[in-house]
Amino acid sequence: MRYISTRGLTPPLSFKDAVMMGLASDGGLLLPETIPTLSQDEIAALSDLPYPELAFKIIARFVSDIPETTLKSLIDQSYASFNHKEVTPVVKQDGTYILELFHGPTLAFKDIALQLLGNLFSYLLAERGETMNILGATSGDTGSAAIAGVRGKENINIFILHPHQRVSPIQELQMTTVTDPNVFNLAIRGTFDDGQRIVKEVFGDLDFKKEFSLGAINSINWARVLAQIVYYFFAYAQVKRQTGCDSIYFSVPTGNFGDIFAGYLAKRMGLPIRKLILATNENNILSRFVRDGDYSVGSVVETLSPSMDIQVASNFERYLYYLYEGNSMKVREALEGFQESGSLSFSAAERAKVHEDFVAAAANRQETITTIRDMYQKTGYILDPHTAVGVHVGRNLAKSDAPLVCLATAHPAKFGDAVHDAIATTPPQPESLHGIEMREKRCELIDADTEKIKKYIKQHAY
Ligand SMILES: *Cc1c(COP(=O)(O)O)cnc(C)c1O
């Protein structure tokens, strides 16, 4: 399997090179040259497999340059760190299936991709005799999941910038209590936007980037999307076993179009998904796109589901490539137009094509709170606010012709304040958080100044 860029100006790459490249050299995003398809019999044959074995069967279809036994052991290692034996269990609550994606080390679904990406980086760097210094800015979830993915690994350092005292206490502790010598937490005196700007500026210094082999961890790496395809197949198998259904709805709370894009690929591979239900909070550019063909940037508003407070969805370009039927020139033109005007428009035929796969809506603050409260009162089950957005929208849009599976993207204890507002109860803490505030911490407070950050990296990098 080879990988090509959405913008069409990068020569085809192997899987290993695609993982190491991250963002394509022409500025586009990498995609497999073809999407492998599975027959319904092949899909049925996957249905009794434990998660890591299913993951191997799916992922191996996209990887032809890593020996099977090695790939298998990288995958096994990645999911051994989860604290549930089924890795991503499906539970039924009040008639809705909840796919719990939050049993990884940092209690959010990003662990599913970043545990695997960390192991892939480590294996590829060792094989190539290279080192890497990962640099990223986080508003909370991605940073801790990325740190958990590479902590203690050889040949790799990670520098994560977070805005000092502007991430939730749990998110901060999940980062700063990782004291492995290859992890560098930098609390900047500034905002998340400052952090993103600094990271951009550091990557923009190409000599510096080369000298220190800077690597990125944002959601554009193909391996992250790939790892996320697996749980759509896993959930389908669980629900089919329970209901005998022939197809299902998936409702996906979305910000960057990453998670739901993995579902789109699962559908293209042959998984019988009735519709993908795209759920946003008040930052609704993606739901406006699906409903009305209106992809125009608004300003970011703060919500109860901060990991979806995004206006420009980095993975959207991958979907555009398929919507434009692989016409990369059209992708380039569209993106140039978007850069200039902040909006994209779509033909009636394109909109009809979108509706073959997606329906969408947004949930506001009150709807999110009501959904958490209703579910708790009926069942005692606690939804996190991101998951609640998906449950609200999913229940409104799924018809009764197939079961509904809602993706639960974070453990409620991670967003305890919002949950407390809804149900006046604090969610029980999972074991991994017990005593976290007592643990040793390692974090450097530093000015939001690109030169100072570069100096720090220089002093501590490989
Ligand atoms: C990152 C994140 C999301 C959004 O995921 P996308 O891939 O951007 O769609 C949703 N919920 C939580 C808890 C997250 O951390």
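Order of listing sets the numbers, starting from 1, for every ligand and every atom in it.
Nearest protein neighbour of atom 7 (O) of ligand 1, counting heavy atoms only, is Asp259 N, 3.0 Å. Protein heavy atom in closest approach to atom 9 (O) of ligand 1: Gly255 N, 3.2 Å. Closest protein heavy atom to atom 12 (C) of ligand 1: Thr409 OG1, 3.5 Å.
Classified by interplanar angle (parallel below 30°, tilted 30° to 60°, perpendicular above 60°), the ring pair Phe257/Phe358 is tilted. Using cut-offs of 30° and 60° for the angle between ring planes, the Phe346 and Phe289 rings count as perpendicular. In this structure, His103 and His84 have tilted ring planes: the angle between them lies in the 30° to 60° band.
Only the side chain of Asp141 comes within 4.0 Å of ligand 1, counting heavy atoms alone; its backbone N, CA, C and O stay farther away.
When the shell of 6.0 Å around NZ of Lys16 is examined, it contains more than 12 heavy atoms from other residues, nucleotides or ligands. In this structure, Asn83 places its CG atom where more than 12 heavy-atom neighbours from other residues, nucleotides or ligands lie under 6.0 Å away.
Side-chain contact check for Ile382 versus Pro428: some heavy-atom pair is nearer than 4.5 Å.
Looking at Arg7, Lys330, Arg332 one by one, the single match for salt bridge (charged side-chain N to carboxylate O under 4.0 Å, His left out) with Glu317 turns out to be Arg7.
Applying the 4.0 Å criterion to heavy atoms of Thr254 picks out, from ligand 1, the atoms 9 (O). The atoms of ligand 1 that sit less than 4.0 Å from any heavy atom of Gly258 are 6 (P), 7 (O), 9 (O). Applying the 4.0 Å criterion to heavy atoms of Ala410 picks out, from ligand 1, the atoms 13 (C).
With atom 14 (C) of ligand 1 as the reference point, the heavy atom nearest to it among Lys110, Met308, His411, Lys414 is part of Lys110. Closest heavy-atom approach to atom 3 (C) of ligand 1 among the candidates Phe261, Phe415, Phe257, Phe109: Phe109.
Of the polar atoms of Asn256, at least one N or O is found under 3.5 Å from an N or O of ligand 1, judged by distance alone.
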